[in-house]
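Within every chain, numbering begins at 1; the chains are lettered A, B, ... in the order of the sequence lines, protein sequences first and strands thereafter.
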Protein chains: 2
Amino acid sequence: MGESAEAPARAKKKARPRLGRGTLTREIIVDAALRILDEGQVNALTFARLGKELGASPTAMYRHFSSRDQIVTAVADELIRLSIEGYEPAASWMDSLRDLAYRAWRTFAEHHAAAMHTFYRVTLGPNEIRVVDAILEAIHDAGWRGRDAVFNYQMYANMVLALSGRNAAMLTAAAEAGMEPGGFWVQEYRPAHPEEFPYVTELRDELQIRDGFAVFQGQIEALLMAMKATLPSSA
Amino acid sequence: MGESAEAPARAKKKARPRLGRGTLTREIIVDAALRILDEGQVNALTFARLGKELGASPTAMYRHFSSRDQIVTAVADELIRLSIEGYEPAASWMDSLRDLAYRAWRTFAEHHAAAMHTFYRVTLGPNEIRVVDAILEAIHDAGWRGRDAVFNYQMYANMVLALSGRNAAMLTAAAEAGMEPGGFWVQEYRPAHPEEFPYVTELRDELQIRDGFAVFQGQIEALLMAMKATLPSSA
DNA sequence: CGATATAGTCAACGTTATTCACTTATATTT
DNA sequence: AAATATAAGTGAATAACGTTGACTATATCG
């Protein structure tokens, strides 16, 4: 056994001591995973990278998750938690739904690489059910019940996730390609025969608008307005 | 030289003869890629799989595309082409936009694994500009011009892509997990403390609805209705 | 203090995208 | 038609990836 403690840095490769027993938990791993994804690259989340981030062996994660996919699903539920942290129902159901929608947009934009992997998943996790209940509460306050309530819930929730998710995916793809954040909102067409595409040609300059959030706001307002118009007895 | 033609099957491993020069083209590769993705698995599209599908060396693809990502982008433009094949403007701008929306939904659902990789990309390809022009034509017919036209175009196009794309992603994830196609539209919560989530508990049974297209229809109608309501001079 | 199960580690495997040196089929030139 | 050039298909090699199984240390319980 000798004096291995004397010059450990010079030793073959074993610089890192073994981690203690309770060092890793699901939460710690999920936090690290989110931190790694927040650097922006879609494929940055690898077991090797997780190991480096936590000073652990890459395979240590398998003691807490049975696959990479399970880690991603846990990150998805964490994203949901972040988005509803501190949420309180507003005075009107429309304001509640607006608030929840903007929260999702903001969280997904902030953690876009993580959101890209998660926006189409149903985690069935502990936080997801909280949001679902919060949305259903607003729907209930508006006056819908039963099947109608669920249909309106579906239209709203699915739309918020889809729009926020696509924005996150575009942000990630833009970062990956080295473009500026709003890059993928810009559509710059230079057709060989402009006369074939008169409308694109006419609006060439205006198509460069890149304020994704304003578009999102417009879409949410459109849905809320249409929902309100179909309210059973709002008179 | 010699009589290698006599027993080629017995030879070491070289069963396949070398392909002729014009055998592979971008189109042929894209078609094969789409065929492979249509089998349903997200990660089925590999160079090895492409090679097998085309009877070619996996690395042959690099003579026509410089990376896997470029193949996926080409598949994206092909999806766009498929979705507008045979499209003709309808009598009213709303019917045109409905038609284009349903086409996108159908194409994305049919080729969901491919759509999952492509719905957030701006391909700037030859087919994309055709759809953009078709949408802008309907917007023009409705009466919008300039900046307003572009904003309404953004709301519409972004929403159709996001909703159809999320549906495609859910279909793919469900296939991957061995669920039935509508699996991810079902949200079945069994909370430990039902009284904490009264609205989820009350609507437990109705939450199992799985008709994604009906929801999509509702969302599109909501947007069209809201757009119509803001038309400048429709009176 | 010693047994035991749990959590972290290490080496290995099969796949993956990508690169590079090569070879051969076709198009062009003479 | 023969010679040449060049683009297109090939195969071996590499590094990184997720996952597995055998191992080994450590915290806790009796």
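Listed by chain and residue number, nothing satisfies the side chain to side chain donor-acceptor pair (under 3.5 Å) test with A:His117 (two or more places apart in sequence, or in another chain). In this view, A:Ala48 and A:Thr46 satisfy the side-chain contact (heavy atoms from CB on, under 4.5 Å) rule, not counting sequence neighbours. In this structure B:Gln208 satisfies the side-chain contact (heavy atoms from CB on, under 4.5 Å) test together with B:Val186, B:Glu188, sequence neighbours excluded. With sequence neighbours excluded, no residue satisfies side chain to side chain donor-acceptor pair (under 3.5 Å) with A:Arg68. Under the side chain to side chain donor-acceptor pair (under 3.5 Å) criterion, A:Glu78 pairs with A:Arg81, sequence neighbours left out. Not counting sequence neighbours, the partners of A:Ala169 by the side-chain contact (heavy atoms from CB on, under 4.5 Å) test are A:Met116, B:Tyr120. For B:Ala101, the side-chain contact (heavy atoms from CB on, under 4.5 Å) test picks out B:Tyr156, B:Val160, B:Phe216, B:Ile220, with sequence neighbours left out.
Atom P of nucleotide D:dA16 and atom CZ of B:Arg68 are separated by 19 Å, given to the nearest angstrom. For the pair B:Met61 CE and C:dT16 C1', the interatomic distance rounds to 15 Å; values are reported in whole Å. Atoms NZ (B:Lys52) and C1' (C:dT15) sit 13 Å apart, rounded to a whole Å. Taking atom CD1 on A:Ile71 and atom P on D:dG18, their separation rounds to 9 Å, with Å as the unit. Summarising the geometry, the separation between NE2 on A:His117 and P on D:dG18 is reported as 11 Å, rounded to the nearest angstrom.
Look at B:His64 and you won't find any side-chain N or O under 4.0 angstrom from OP1 or OP2 of D:dA7. Between B:Tyr62 and C:dT19, a side-chain N or O to OP1/OP2 separation shorter than 4.0 Å is absent.
Between B:Asp77 and B:Arg130 no salt bridge is recorded (no basic side-chain N to carboxylate O distance below 4.0 Å).
Within a 6.0 Å radius of CD in B:Glu27, other residues, nucleotides and ligands contribute 12 heavy atoms or fewer.
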Counting primed atoms, P, OP1 and OP2 as sugar-phosphate and everything else as base, the B/S/- map of nucleotides 21-30 of chain D against protein heavy atoms under 4.0 Å is -B-BSBB---
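Residue-level contact check: B:Ala60 touches the bases, meaning some heavy atom is under 4.0 Å from a base atom.
Checked against C:dT18, D:dG9, C:dG8, the side chain of B:Thr23 finds its nearest nucleotide in D:dG9.
Against DNA chain C, the stretch residues 24-49 of chain A makes heavy-atom approaches under 4.0 Å through A:Leu24.
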